[in-house]
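Everything below concerns the one structure shown next.
Each chain gets a letter, A, B and so on, in the order its sequence line appears, and its residues count up from 1. Owing to the predicted nature of the structure, the values given are computational and were not obtained by experimental measurement. All values below come from the heavy atoms of this structure, side chains included, with hydrogens, waters and symmetry mates left out.
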Amino acid sequence: MFERVTPEQVGAAPSDPAPESAESLEYEIVLSKRQLAIWLFLGTMVIGAASAGAYFVGRATPQTVVVQSNSASSPVATSAANTPASPPVSQSPAPEPAAQPAVIRGQQVLVYQEPVPGATYVQLGALDKGMARVMAEGLRALGYEAIVAPGPNERVFRVLIGPAKDAANLKRLKDGMDELGLSSFVRSYDAPK
Amino acid sequence: MILDASRGIKIFAALLLISLAMLAQRRGFRGSGSPRAEFPVKSEYHFLRVEYTDLPQFHRGFGFSSRGGRGDGWWMMDWPDAEEHFSTGVQRLTRIDTGAPIHMRLTDPRLFQYPWMYATQTGWWGLTEAEILSLREYLLRGGYLVVDDFWGPEQWEIFRETMDRVLPGRAITDLSEGDPVMHVLYDIQDKDRTFIPGSRHLRRGAGGRTVIEQPPGTSPAWRAMFDDKNHMIVAVNFNTDVADAWEFADVPEYPEAMTTLAYRYGINYLIYALTH
C-alpha cells in the first residue's frame, strides 16, 4: 500500500536535483480507489467513535443554567393596524430563576428540599419539575408545608407535604389532601444508619 | 490517487477536531425517558392544535416536529410532546376533566366543539379565505385562540395582517398585570411577562452550563385581542416560546422556572376561556 517514490516518478522536473541519500527521499501515499475507500471508511469510524465519546462525556457533565431576565415593554394599547413589533432589548445574563426561592404570602420559601431522613411525608405526585413546583407552591398557599424533592430519576420530582410530627399530624395531612380531592399516599424515608 | 502523507494526516486531524467541536456545541436535548402520557378519548377538555396552510415561500417540509413527532407544515411544531405535557399539567393541577390532545384543520366543522385552541408559528401562516372565515366564526362564537412562537418584525406583520383579515380593525393590546387572565387561577406578575426560550435558544456554555440566548432584535410581548364584550378571545405570545417549555418540561437542562411559568400562562388562558 505504501510505496517509496522518487521525484521523477511523481513528475518532478528533470532539472530537479537528485536525492543525495535515502533519508532525503519524500514519502508519499499511493492509494488505489479501493484503498482510498477503506481509509475513508476507517476515518469515518474513528470520527464516529470520537463523536460518540464526546456525546457521552457531554451527557455526564453536570450543568447549571444561566437565564437572562428581560422585562417586557410597558403595556400599550394599539390597533391591529399599527401594533409594532417589539424593539430590540439588551442581553444580560442573570442567575437562574430555579435557584431562587418562591415567594409565598410575602415570605421567601425554598421549595426544592431534600426530605428529612427518617421522616414521614404525604406524597401528592411524581411530576416534571415545573409542574411539581406549581403544585407545591399552590399547596403552600393553602398553608401546607409542601416541598419538591428528588424523584427516582432526574426527570421526575416528588411533591411532598410534611414531615409529619406524629401519627395524628400525618392523618390530618392525609385527610386534608383527601378533602382537596388530591390523591396521595404516605411515604417514609429511611433513617440514616 | 496520490496523497501527500503529512497533508492527509493533517486533513484527517482537522476533520476530527471539527467534529468534536461541533458535538461540544450541540444544542439538542437527550431523548425523552418519560413514558407517553395516556388520556381518556372523551373528556370535557381536549388540547386542540389547529392545522393551517403555510405561506408558500415559508412552507415547512417533512421533518421532526418534536422528539416524538414528524410531519410537514409549521402548525405541527412541538407536536405531540408539548400538548401531552401540558395536558398532563392540566390533569394534575386542576379539576378539569382532560382528554387526549387532538389536532384538526382550521376548516373542520368539529372545531366548534372545542372552546380553546392553539396555533404555533403564526408568523408563517398563509390562511386561505375559507380558513379566515372559519377562524372569524370560531372567535366570534366564543372560541379562544392561543398563538405562540413567532418572532421578529416580519413575522409580526404577517400575523397582524392575517388577524386584520380575520377580525378587521380590532385592536391587539399588550396584556397588563391588571388583566383578569393574569390572575384567573395563578397570579402572573409584571416580571413574568418575560422571554420563555425555545430549545434553539439554549446552548451549552463554558463548564457545561446551559446558557439562554434571546434572539437579537426581539423583545417578549404578551398581547391579546378582545371581543365586543371585552372578553379576551386571542392570546398572543410574541417573541417567546411557551410550547417549547411544555415540550421540554421533562428535560433536566430546560430551565425549570420557565416551565413553571409556561404552565401558569397556559392554564390561566384555559381557565379564562372556560369561564368567560
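- Both the backbone and the side chain of T88(B) come within contact range of chain A, each with at least one heavy atom under 4.5 Å from a heavy atom of that chain.
- Listed for the R155(A) side chain is a donor-acceptor partner under 3.5 Å among the backbone atoms of D250(B).
- Remark: side-chain polar atoms of K129(A) are not paired, donor with acceptor, to backbone N or O of T259(B) under 3.5 angstrom.
- Shown here is F41(A), whose CZ atom has no more than 12 heavy atoms of other residues, nucleotides or ligands within 6.0 Å.
- The line from OH of Y186(B) to CD of E137(A) is 10.0 Å long, rounded to the nearest 0.5 Å.
- Contact detail for L124(A) and R92(B): the closest heavy-atom pair is O-NH2, 3.1 Å.
- Residues Q91(B) and M131(A) have side chains not in contact (no heavy-atom distance under 4.5 Å, counting atoms from C-beta outward).
- In this structure, chain A has no heavy atom under 4.5 Å from any part of F159(B).
- Considering only heavy atoms from C-beta on, Y112(A) comes within 4.5 Å of E256(B) through its side chain.
- Between Y254(B) and D128(A), the closest side-chain pair of non-hydrogen atoms is not below 4.5 Å.
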